[in-house]
Amino acid sequence: MAHAETHAAQHAAIHTEHQQHPIKLYLLVWGLLFILSALSYLVDYFGLQGYLRWSLILIFMMLKAGLIVAVFMHMAWERLALIYAIILPPLLVLVFVALMVSESNYILFTRLTFFGGGE
Amino acid sequence: MSAPIKNPAAETLPRKSGLAGLAADWASDQRTFKDVSWGKAMMWIFLLSDTFVFGCFLLAYMSARMSTAVPWPNPSEVFALEIGGVHMPLILIAIMTFVLISSSGTMAMAVNYGYRRDRRKTAALMLLTALFGATFVGMQAFEWTKLIAEGVRPWGNPWGAAQFGSTFFMITGFHGTHVTFGVIFLLIIARKVWRGDFESERRGFFTSRKGRYEIVEITGLYWHFVDLVWVFIFAFFYLW
């Protein structure tokens, strides 16, 4: 029992330090990334428009980004201290996005009002 | 010179997982990023800063596109090619995407073989990754040449809003520069792996300690990030 425990502990230490995962997992993610890219390409190919186009494009984008970060960059096996330090700050960029969407709409409004859409 | 303070209890007590572990890792005077070497932590922090840079470029592009009253060129048609008489919208970008994803796949496998200390396979897979990367840059050069020939400039283009040219050259140019540096970085590390610098005690640039193949993973982090940025450029620039 004690032997099994030390073995498990050693295995865990090797696992965390060396990020060893089966090749099959990488091949699976590789295939999934291909399929997701093909799907987002098809969204354009079939000329989908409006909210359907946007939700599909964003879903495929987030799935691809998630797979790359989680598996290829090994984020899924890191401790939360690193995961949160890296993942949370970029999410705050969404606040900036919201500000700029509002600002862009206002600039477009003033351009159309005062320049009649010329420039 | 005082000796570094050691806390033997911290070495033997099992570390908490989950949110309690998050709080414990960030608390008091200790290393925050446990299990992560300085090299890897610093690569992650560099990539975080790069995320903000690319984030600001894409935001600037979004603002320019949303605030212009002039029609935006249709990317699907701008990046279409005639192949064997067949009109294929966005085909060049699709091929570039698949090339870059494949390079990410070979890189992930290189990291795996690196930790198995299979030097030949690691170096070969890294070279293959670099080859895919160089192919991507080559196709981007073709894309730029074609658009410049068609009259796209940073200050204008034949199809509408002038901002299309400036944001296109800025964003894809900056991404292409990252890919190019990545290829150089890959070639340097692949050569070291092939020569066995991480087994011998040979000192040098990025060589680190004997028997440690973590630099392959750190190189991989950079390379996957380049692919990650392309995912966002693909969605926001070419599909929007």
Side-chain angles (χ1 to χ4, degrees), chain A residues 16-23 25-27 29-31 33-34 37-38 40-41 43-45 47 53-54 57-58 60-62 64-65 68-69 71-75 77-86 89-90 93 96-97 100-101 103-108 111-112 115-119, chain B residues 15 17-19 21-22 25-26 32-36 41 44-45 47-48 51-52 55-56 59-60 62-70 75-76 89-90 93-94 97-98 101-102 104-105 107-109 111-113 115-116 213-214 217 220-221 224-225 227-228 231-232 234-236 238-240:
Chain A
T16 47
E17 200 194 349
H18 289 309
Q19 296 284 6
Q20 277 249 29
H21 312 291
I23 293 278
L25 179 65
Y26 294 126
L27 292 175
V29 171
W30 190 349
L33 288 173
F34 254 81
S37 300
S40 44
Y41 178 59
V43 169
D44 184 71
Y45 188 79
R53 180 191 184 92
W54 264 107
I57 287 173
L58 290 181
F60 296 145
M61 180 189 83
M62 287 318 293
K64 276 169 74 179
I68 292 171
V69 175
V71 180
F72 280 174
M73 299 173 97
H74 303 139
M75 203 48 133
W77 298 281
E78 301 288 3
R79 282 179 73 75
L80 280 183
L82 181 73
I83 296 177
Y84 284 1
I86 303 300
V93 173
F96 198 2
V97 173
M100 294 315 287
V101 166
E103 181 69 11
S104 306
N105 284 332
Y106 177 70
I107 293 173
L108 180 62
R111 279 177 174 167
L112 290 174
F115 301 109
E119 280 298 305
Chain B
R15 267 185 259 135
S17 59
L19 283 177
L22 172 74
D25 281 3
W26 275 97
T32 302
F33 301 125
K34 310 265 189 341
D35 300 336
V36 176
W44 267 116
I45 288 163
L47 294 180
L48 180 64
T51 306
F52 291 132
C56 286
L59 255 166
M62 182 199 78
S63 310
R65 182 162 174 175
M66 286 182 72
S67 62
T68 178
V70 184
S76 183
L90 217 60
I93 307 305
T97 304
F98 288 124
I101 288 173
S102 299
S104 246
M107 186 67 232
M109 286 162 72
V111 174
N112 203 296
Y113 283 113
Y115 283 134
R116 289 171 199 215
Y213 279 82
E214 198 184 30
E217 189 188 348
L221 284 179
H224 295 310
F225 176 77
D227 186 26
L228 183 67
V231 169
F232 289 92
F234 179 60
F236 292 131
Y238 296 102
L239 295 179
W240 180 357

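Model, not experiment: these values are computed from the prediction. So you know, we letter chains A, B, ... as the sequences are listed, proteins then strands, and number each from 1.
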If you take all heavy atoms of [X] and [Y], which pair is closest and at what distance?
X: B:Ser63; Y: A:Ser104; answer: CA-OG, 3.3 Å
X: B:Met62; Y: A:Met100; answer: CE-CB, 3.8 Å
X: B:Thr97; Y: A:Ser37; answer: CG2-OG, 3.8 Å
X: B:Leu48; Y: A:Ile86; answer: CD1-O, 3.5 Å
X: A:Pro22; Y: B:Asn112; answer: C-ND2, 4.2 Å
X: A:Ser40; Y: B:Phe234; answer: OG-CE2, 3.4 Å

Where does [X] contact chain B at under 4.5 Å (heavy atoms): side chain, backbone, both or neither?
X: A:Ile83; answer: neither
X: A:Val101; answer: both
X: A:Phe96; answer: both

Top contributor to chain B contacts, counting heavy-atom pairs under 4.5 Å, from [options]:
options: A:Trp54, A:Tyr106, A:Tyr45, A:Phe60; answer: A:Trp54
options: A:Ile23, A:Leu25, A:Val93; answer: A:Ile23
options: A:Leu33, A:Val43, A:Ile107, A:Leu82; answer: A:Leu82

Would you mind reporting whether B:Val111 and A:His74 have side-chain heavy atoms less than 4.5 Å apart? yes

Side-chain touch A:Trp30/B:Ser104, heavy atoms, less than 4.5 angstrom: no

Counting only non-hydrogen atoms closer than 4.5 Å, does [X] touch chain A with its backbone (N, CA, C, O), its side chain (CB onward), both, or neither?
X: B:Trp44; value: both
X: B:Leu19; value: both
X: B:Phe52; value: side chain
X: B:Leu228; value: both
X: B:Phe225; value: both
X: B:Val36; value: side chain
X: B:Arg116; value: both
X: B:Ile101; value: both

So how far is it from [X] [atom1] to [Y] [atom2], rounded to the nearest 0.5 Å?
X: A:Asp44; Y: B:Tyr238; atom1: CG; atom2: OH; result: 12.5 Å
X: A:Ile57; Y: B:Phe236; atom1: CD1; atom2: CZ; result: 9.5 Å
X: A:Met75; Y: B:Leu221; atom1: CE; atom2: CG; result: 8.5 Å
X: B:Phe232; Y: A:Leu58; atom1: CZ; atom2: CG; result: 9.5 Å
X: B:Asp25; Y: A:Tyr84; atom1: CG; atom2: OH; result: 12.5 Å
X: A:Phe72; Y: B:Met109; atom1: CZ; atom2: CE; result: 9.5 Å

Is a donor on one side and an acceptor on the other found under 3.5 Å between the side chain of A:Arg79 and the backbone of B:Thr32? no

Which residues pass the ring-ring contact (aromatic ring centres under 6.0 Å, His included) test with A:Tyr26, sequence neighbours left out? none

